[in-house]
Number of protein chains: 2
Amino acid sequence: MLSLHQLRCFLATYEHRSITAAAEELGYAQPSVSEQIRGLEKTLGVALFRRVGRGVVPTTVADSLRPHAEATIAAAEEARRAVASVVAFETGTIRFGMFGTARLYAGAGLVADVLARHPGVRVELIGQNSNDVQEDLRRGRLEAAMLAVPTMSSEGMHVIPVARDELVYISADPERLQTPVTAQRLAEASLVMPETTWRAEDSTRTVLRQMLHETGRNPQTRIEVEDVETAVELVGMGLADSVIPHGAAVQLIPRLAPKAGWVSLRPQQFDTLAIVHRAGATLSPAARLMIELATARIQAIAEPLAPR
Amino acid sequence: MLSLHQLRCFLATYEHRSITAAAEELGYAQPSVSEQIRGLEKTLGVALFRRVGRGVVPTTVADSLRPHAEATIAAAEEARRAVASVVAFETGTIRFGMFGTARLYAGAGLVADVLARHPGVRVELIGQNSNDVQEDLRRGRLEAAMLAVPTMSSEGMHVIPVARDELVYISADPERLQTPVTAQRLAEASLVMPETTWRAEDSTRTVLRQMLHETGRNPQTRIEVEDVETAVELVGMGLADSVIPHGAAVQLIPRLAPKAGWVSLRPQQFDTLAIVHRAGATLSPAARLMIELATARIQAIAEPLAPR
DNA sequence: GGATAACATAGGCACATCCTAGGGAAGCAG
DNA sequence: CTGCTTCCCTAGGATGTGCCTATGTTATCC
């Protein structure tokens, strides 16, 4: 079997026209290099050097092999260098999962943070769908993610809560923002909810369902839309009210619904934002980097939670 | 130390997303491939796959490594292929030594023979200087050569006589061609000799010196020139006579000195043409090819000698 | 002709490679 | 939820490879 080691010994010998000199350069004893050359000649089935008393002389086959041997060694070195550069965050891809409101108001900033520190990397922020993200985590396609999670930890997953974000009632009608909104009022309200919020396995869904369930009523949504932005716009147009995380409200209402405002629920409800990864996994430097930066971003906006 | 074997195992595993499948493809047991992957991860200092229960999932580092691993394997395969193609005479260089009159009237034909059989090869016919050729043989830079040699074998060299070529006296004066030329007449003649013939360590030099020495006289050359062609031209112009191998006379006189002719010496003298290579060497296929073709060419012109 | 230099050979140690056997966790089916 | 299958890991042992030192052989140099 052809090996890089054989090619390295071959090249050193070819260049020095001497096995002894090659061994010295490579830091081996002379018989070791001699053996590698012999092995290479055997695998190729052809003599590469003529042993002529004292000294060796390359054959024309050696002349032909040399550039290919150099190219192969160079390719291997390049492979090593490429990996090193990825490890050093100079190149390569950093993949991180981020779903729910977290991505909404921290995603772009997080990517900016990463690129500011490591301009050469590609960043993939995965988070089209909360189910997919959890599935990706479970299957190992994603190493770590920041999610809005139910308070209990998922099976086989390690969950580190880093912040909580209050769920606030938003409306374009100042009347409805005078006092905190009770479950009763919430159940009677005409709501627009982003579908993802209801369907996804995150804490918003769990929290609100639970709150409404206590009134004995099912969630009443007049309108269901895909994303939070659309919901906020509809609130701004006075067509319905909604419940969204405070962080999203701060960011979206001035831009999309300047006439709307927000008020707490009563009792207060919170989304829990947490770092999630497979239990027992050793995190890569890239994952640790993303966790650190994402946590900092989130905690600058939402209310930090002491880990555990 | 990075190895091709590790890269092969890595690629198979990456493509199948499975160590077991990779092992099956490569013909190994599963733990063997597993160990190679682990070794590669150790040398690179980074995880390439996440072990996620049943199955493995490539990391982004693996994504980055893959093209380089493929390039490295391809380069190694290319090296192997290049050598195979040289061994099959499809490419590469064939080097052969040929000095003296042999090259003069068999060189071009020999090269043509080689190229007819193996159109892709480069041919190097070494023979500027007989001393250099012998030195190249001794130092191993040349594997084999065809030379005009003294009858005794050189030290450490294996000499296989393949033909002899009579040395003939050539002149533009028909008077001098009536009878064979004795040593006496030769010593008195006004000669033009190609310098190479006199200075080189080949049989012509030895033979003629010996012949003249018996008359008690030193070689008398009126003119010395570099090459045989010039000598023949000068003979054709009637400025001097010369002694050259019969094969050279046949080829050169009609072309360069149509008015000249030739006659034997008395006693007849011969150049011995022989294949020479280092004693105890195992000849490469290329060398055997050249020896076969050169011998055939020479024996078609000069008088064949049974080997040994 | 003896000293020197360079490669081959021999023998031995350490580690790599590869195998089989068996354990554990995840996924899947009943 | 229980058992089966799949896939990876670990353990242990046989074989092979890599590397060393010591020594033999041969050509070169003085």
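Letters A, B, ... are given to chains in the order of the sequence lines, protein chains preceding strands, and every chain is numbered from 1.
When heavy atoms are screened at a 4.0 angstrom cut-off, B:R38 is found touching the sugar-phosphate backbone but no base atom. A:G27 comes within 4.0 angstrom of the backbone, heavy atoms only, and of no base.
One finds no side-chain N or O of A:S32 lying less than 4.0 angstrom from the OP1 or OP2 phosphate oxygen of D:dG18. A close approach under 4.0 Å does occur between a side-chain nitrogen or oxygen of A:R51 and OP1 or OP2 of C:dA8. Between B:S34 and D:dC9, a side-chain N or O to OP1/OP2 separation shorter than 4.0 Å is present.
As a whole-Å value, the separation of A:L40 CG from D:dG18 P is 12 Å. The nearest whole Å value for the distance from the CG atom in B:L26 to the P atom in C:dC19 is 11 Å. For the pair B:F49 CZ and D:dC7 P, the interatomic distance rounds to 15 Å; values are reported in whole Å. Spacing between atom CE of A:M1 and atom C1' of D:dG18 amounts to 18 Å, rounded to whole angstrom units. For the pair A:I19 CD1 and D:dA27 P, the computed distance is 16 Å after rounding to whole Å. The distance from atom CZ of B:R50 to atom C1' of C:dA25 is 18 Å, rounded to the nearest whole Å. Remark: P of C:dT17 and NZ of B:K42 are 11 Å apart, rounded to the nearest angstrom. Rounded to whole Å, atom P of C:dC7 lies 13 Å from atom CD of A:E41.
Along DNA chain D, the nucleotide nearest B:R278 and the nucleotide nearest B:S18 are compared for position; the residue whose nucleotide lies closer to the 5' end is B:S18. Annotation: of the two residues near DNA chain D, A:V52 and B:Q30, the 5′-most nearest-nucleotide partner is B:Q30. With the nearest nucleotide of DNA chain C identified for both A:A21 and B:R54, A:A21 has the one nearer the 5' end.
With distances taken from any side-chain atom of A:Q36 to the nucleotides C:dC19, D:dC19, C:dC7, the minimum falls on D:dC19. Here C:dC7 is the nucleotide among D:dC8, D:dC19, C:dC7 with the atom lying nearest to any side-chain atom of A:T20. The nucleotide whose nearest atom lies closest to any side-chain atom of A:A29 is, among D:dT21, C:dC7, D:dC8, D:dT21. Of the candidate nucleotides C:dC19, C:dG27, D:dC20, C:dG27 has the atom nearest to the side chain of A:R138. Side-chain atoms of A:E35 lie closest to D:dG18 of the nucleotides D:dC8, C:dA10, D:dG18. Nearest to the side-chain atoms of A:H5 among the listed nucleotides C:dT20, D:dT21, D:dG18 stands D:dG18.
Remark: B:R66 engages B:E70 in a salt bridge, criterion side-chain N to carboxylate O under 4.0 Å. Salt-bridge annotation for A:E77 and A:R81: absent, with no side-chain N of the basic residue lying under 4.0 Å from a carboxylate O of the acidic one. A salt bridge links B:E135 to B:R138: at least one charged side-chain nitrogen sits closer than 4.0 Å to a carboxylate oxygen.
Using a distance-only test at 3.5 Å, with no hydrogens or angles considered, a donor-acceptor pair links the side chain of B:T13 to the main chain of B:C9. Although no hydrogens or angles enter the test, the distance criterion places no donor-acceptor pair under 3.5 Å between the side chain of B:E25 and the main chain of B:A12.
Enclosure of atom CD in B:E41 by more than 12 non-hydrogen atoms of other residues, nucleotides or ligands within 6.0 angstrom is indicated.
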